[in-house]
Amino acid sequence: MADVTAPPLREFPVPPALVPDAMAGSKPYVATDKMQEAIGFPGALVEDWHDKAIAKMGELVGKYRSLRVYLDACVHCGACSDKCHYFLGTGDPKNMPVARQDLMRGVYRRHFTLPGKLFPKLVGARDLTRDLLDDWYKYYNQCSECRRCSVFCPYGIDTAEVTMAAKEILDSVGYGQKYTNEIIGKVHKIGNNLGLPGPALEDTLLGLEEDVLEETGADVKFPLDQKGAEVLLITPSADFFAEPHVDSLIGYAKVFHAAGISWTLSTHASEAGNFGLFIGNYEQMRTIALRIREAALELGVKRIVVGECGHAWRVAYSFWNTLAGIGSGGDDPFARMLQSQLDHNHRQPTHICELTWDLVRKGALVLDKEANDHRVVTFHDSCNVARASRMGDEPGGQFEIPRALVRAVANRYVEMRPGTTHEATFCCGGGGGLLTDELLDLRVKGALPRMESLREVADLHGVNFMATICAICKAQFTKVLPYYGFNRNMVGGVHQLVSTAIRLGAKR
Amino acid sequence: MSAVLAGLFYAAAAVLVAGVAWRIRQYAGTPAPLKIPTTPAPTTTGGVALRMAREVVLFESLFKASLWTWLFGWTFHAGLALVLARHLRYFTDPVWGWVAFIQPFGVYAGFAMAAGLAGLWARRFLVDRVRYISTPSDHLMLALLLAIAATGLAMKYLAHTDVVAVKSFFLGLLVFQVRELPADPVLALHLGLVSALMLVFPFSKLLHAPGLFFSPGRNQVDNPRESRHLAEWAARLESK
Ligand code: HEM
Ligand code: HEM
Ligand code: SF4
Ligand code: SF4
């Protein structure tokens with residue numbers, strides 16, 4: 001593996017000077033032929049990749065208005081140029097969002113616009129050479145699809161949409177990324193990203209029941225495949241065994257237990273994550289989402305609740321209704337089949353934070369805030385929750401509800417610097433299918449802006465716990481915090497805090 | 001010369017109108033299969049209209065992104081809007097009341113427009129990030145607009161032209177008559193450049209103007225849980 005180095009924290013947050021090709025060596029492993037073919041892509045780079053890629057691009061600009069408008073509308077104003085954490089952490093100009101888009105826009109202009117056909121040099125149009133294709137592979141795998149750039153673009157141009165289209169094109173010519181595509185294969189086959197089979201899952205859950213019983217004396221259950229349960233919980237599979245993820249899973253279970261809500265997990269749909277999003281492939285994303293529909297129908301549940309996971313919540317909140325009819329308001333037979341079973345007095349789907357916060361407001365939980373007094377907490381907004389979804393009924397509920405919940409269970413809470421939270425939050429550096437070891441250097445550098453604002457509150461206010469509601473953020477921070485001199489255990493879930501504070505079996 | 005310019009203007013107007021209409025149809029006809037508004041986003045159509053209005057009138061997102069770019073960009077566009085509105089006097093007889101009303105403000109608008117353009121152009125040289133992403137066409141577009149502004153201002157302050165005759169020429173074009181245009185090189189240049197602008201509009205980044213209204217990141221209502229959003233090609237997957 002290449003050297004992994006953390007850049008120094010900047011004293012003033014000014015954009016770095018350009019360092020051309022600083023990250024030209026960063027490249028994730030290419031998917032093997034087996035992984036590619038398992039999910040219906042060509043095994044290796046096809047002979048006529050150039051023509052295939054152009055044809056695919058034509059197909060995509062016809063299918064996605066976002067892509068077509070975004071490729072046309074950019075005026076090169078540069079407003080987005082200093083907004084990407086990967087640019088801030090590396091100085092590589094191709095990590096400026098507009099330059100990343102231009103890797104594709106040049107080819108689009110060459111083949112799909114009149115001036116690009118007539119005067120390519122004049123308008124920055126380019127042929128898709130093998131070198132450029134490799135640049136696509138490198139630099140579209142240096143975008144975590146976090147949408148921070150889209151907040152600041154005057155036309156809302158979302159580089160994530162361009163990145164997803166590029167990955168879709170690369171996959172279609174046999175140039176896929178190992179980490180994402182291998183995982184997608186596992187979900188299709190086994191039902192979760194980790195490839196954890198049913199019996200192993202059952203064992204893990206029994207183990208958790210014993211742990212919680214020992215710790216609290218309460219008989220908290222972790223039900224699996226329980227027909228007739230009210231709630232189906234869909235949570236990232238990392239929650240089943242990774243640290244600190246599992247502490248949040250324990251938190252959800254305690255909440256259900258304390259509120260007396262019957263719930264279940266599903267072996268068939270034991271994964272909230274949906275990496276089909278990361279590779280921009282509608283069919284993959286849909287097939288993965290359908291497992292959840294199938295599990296909900298099979299188990300006859302009334303509600304579907306989603307655990308702490310950023311991109312999963314984006315897919316659940318924004319896309320499930322479209323992809324799999326999970327939601328409300330569907331008037332076609334496909335959607336009605338499931339929606340007539342669901343209880344529409346509740347939001348469908350519901351985020352676990354929405355559920356817990358509703359219970360807190362109703363006074364249904366006994367909380368001992370002092371139990372968290374050893375922690376000074378801050379909250380890291382995860383990109384997909386912040387910029388691609390909502391909670392509650394008001395715009396911005398995705399910011400207010402998790403914070404309200406943290407404040408309800410912890411006394412000491414501090415915000416990080418404005419401009420690095422809410423919709424302007426910085427990505428953890430590991431999203432979008434980049435959470436793989438061979439990209440660690442990129443991930444460490446991409447975490448720079450978040451580490452700077454964390455350093456500030458740690459020094460000023462003694463913050464020692466950064467709460468977040470994303471499985472990828474948790475895994476990424478656990479790995480990169482030490483590079484910046486922090487303790488890796490500083491990061492954890494919101495429901496980890498809930499778990500610490502909640503009192504089970506106590507009479508109110 | 002009158003006949004040449006008349007021909008040019010008819011051609012340019014045809015390309016502009018047909019070209020922009022074609023692009024708008026293309027944008028409107030391309031499906032948006034997924035709900036992707038940049039959140040927090042409005043939950044009602046009225047809210048979306050308001051969000052869009054803030055983007056068009058105030059350049060809200062740009063304001064959050066970069067104060068300098070916003071200052072130059074907004075000054076340029078506000079100036080441009082006023083200048084164009086003021087130019088309506090060449091095409092209307094009698095001149096509409098509000099067009100007559102804004103005439104005095106328009107005097108400053110020409111300078112504001114030029115100043116904004118100059119600032120935007122300076123950024124393309126001075127800010128290394130913006131220099132890196134600039135293509136020759138980005139520079140040419142600014143040069144073209146600046147040249148239009150410069151020739152216009154020259155006519156107003158240095159080499160006056162017979163604006164009554166200009167008006168008569170354009171009113172003539174509206175009823176398909178070619179009347180005499182003053183034989184004035186600055187005017188000819190101004191009008192030649194303007195027709196060039198009209199010709200490139202539908203093929204260039206000037207599509208940002210119609211494009212903004214079709215940007216799913218900005219024009220979508222945030223209500224995916226409440227109603228099912230399904231594109232035609234996506235719906236076909238369900239009947240497979
Ligand atoms: C709905 C109407 C329009 C809106 C909302 C709009 C908005 C914007 C915004 C936000 C920018 C980026 C900031 C900047 O560089 O100024 C921009 C750039 C630009 N606009 Fe517009 N615009 C509109 C119409 C027009 C028209 C009609 C023209 C020309 C005839 C024009 C010419 C330009 C040019 C040349 C730039 C690039 C400036 C540069 O190179 O830095 N815009 N526009
Ligand atoms: C058919 C279209 C146009 C005609 C016939 C036209 C004609 C003229 C004339 C005769 C003047 C001199 C005004 C005076 O002496 O009082 C002028 C000024 C000017 N024109 Fe145009 N023009 C046209 C289009 C445009 C366009 C599209 C722009 C900008 C992109 C523009 C920008 C200006 C500016 C900045 C001035 C100076 C300030 C002012 O008088 O408002 N013109 N134009
Ligand atoms: S989506 Fe995020 S990672 Fe990708 S270019 Fe934009 S800011 Fe950078
Ligand atoms: S902010 Fe938008 S229009 Fe400006 S350079 Fe970036 S993508 Fe292009």
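What's counted below: heavy atoms across the whole structure, side chains too, no hydrogens, waters or symmetry copies. Each chain gets a letter, A, B and so on, in the order its sequence line appears, and its residues count up from 1.
Interatomic distance, B:R218 CZ to A:S150 OG, rounded to the nearest 0.5 Å: 6.0 Å. Interatomic distance, NE2 of A:H76 versus OH of B:Y132, reported as 11.0 Å (0.5 Å rounding). Summarising the geometry, atom CG belonging to B:L237 is positioned 5.0 Å from atom CZ belonging to A:R286; distances are rounded to the nearest 0.5 Å. Summarising the geometry, atom CG belonging to B:L207 is positioned 12.0 Å from atom SG belonging to A:C74; distances are rounded to the nearest 0.5 Å.
Within the 3.5 Å criterion, the main-chain N or O of B:L230 finds no donor-acceptor partner in the side chain of A:T322. For A:R65 (side chain) and B:S215 (main-chain N/O), no donor-acceptor pair under 3.5 Å exists by modelled atom type. Side chain of B:T39 to backbone of A:R387: a donor-acceptor contact under 3.5 angstrom is found. Looking only at distances, no side-chain donor or acceptor of B:T30 sits under 3.5 Å from a matching main-chain atom of A:G62.
Between B:R228 and A:D331 there is no salt bridge, since no side-chain nitrogen of the basic residue lies less than 4.0 Å from a carboxylate oxygen of the acidic one.
Of all the heavy atoms in A:V75 and B:R124, the pair that sits closest is O-NH2, 3.2 Å.
Contact annotation: the side chain of B:H229 never approaches that of A:N321 to less than 4.5 Å [non-hydrogen atoms, C-beta and beyond]. Residues A:L18 and B:R129 form a side-chain contact, since some pair of their non-hydrogen atoms from C-beta on lies under 4.5 Å apart.
Among pairs with a residue in residues 23-47 of chain B, those fulfilling salt bridge (charged side-chain N to carboxylate O under 4.0 Å, His left out) read A:D72-B:R23, at least two apart in sequence or across chains. Each side chain to side chain donor-acceptor pair (under 3.5 Å) pair with one or both residues in residues 197-211 of chain B, not counting sequence neighbours, appears once here: B:D138-B:K205.
A:P15 touches chain B through its side chain: at least one heavy atom from C-beta onward sits under 4.5 Å away, while N, CA, C and O do not. With a 4.5 Å cut-off on non-hydrogen atoms, A:K63 touches chain B through its backbone and its side chain both. Residue A:E394 does not touch chain B at all, counting heavy-atom pairs closer than 4.5 Å. Heavy atoms closer than 4.5 Å to chain B are found in both the backbone and the side chain of A:Y64. Looking at A:Y282, the atoms closer than 4.5 Å to chain B (heavy atoms on both sides) all sit in the side chain, from C-beta outward.
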Next item on the list: Given salt bridge (charged side-chain N to carboxylate O under 4.0 Å, His left out), test A:E354 with B:R225 step by step and report yes or no.
Entry: CA-CA 14 Å; A:E354 292 180 312; B:R225 280 194 290 196; 2.9 Å; yes
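Annotation: salt bridge (charged side-chain N to carboxylate O under 4.0 Å, His left out) contacts of A:D102 (sequence neighbours excluded): A:R105.
Within residues 68-88 of chain B, the residues having any heavy atom closer than 4.5 Å to a heavy atom of chain A are B:T69, listed by residue number.
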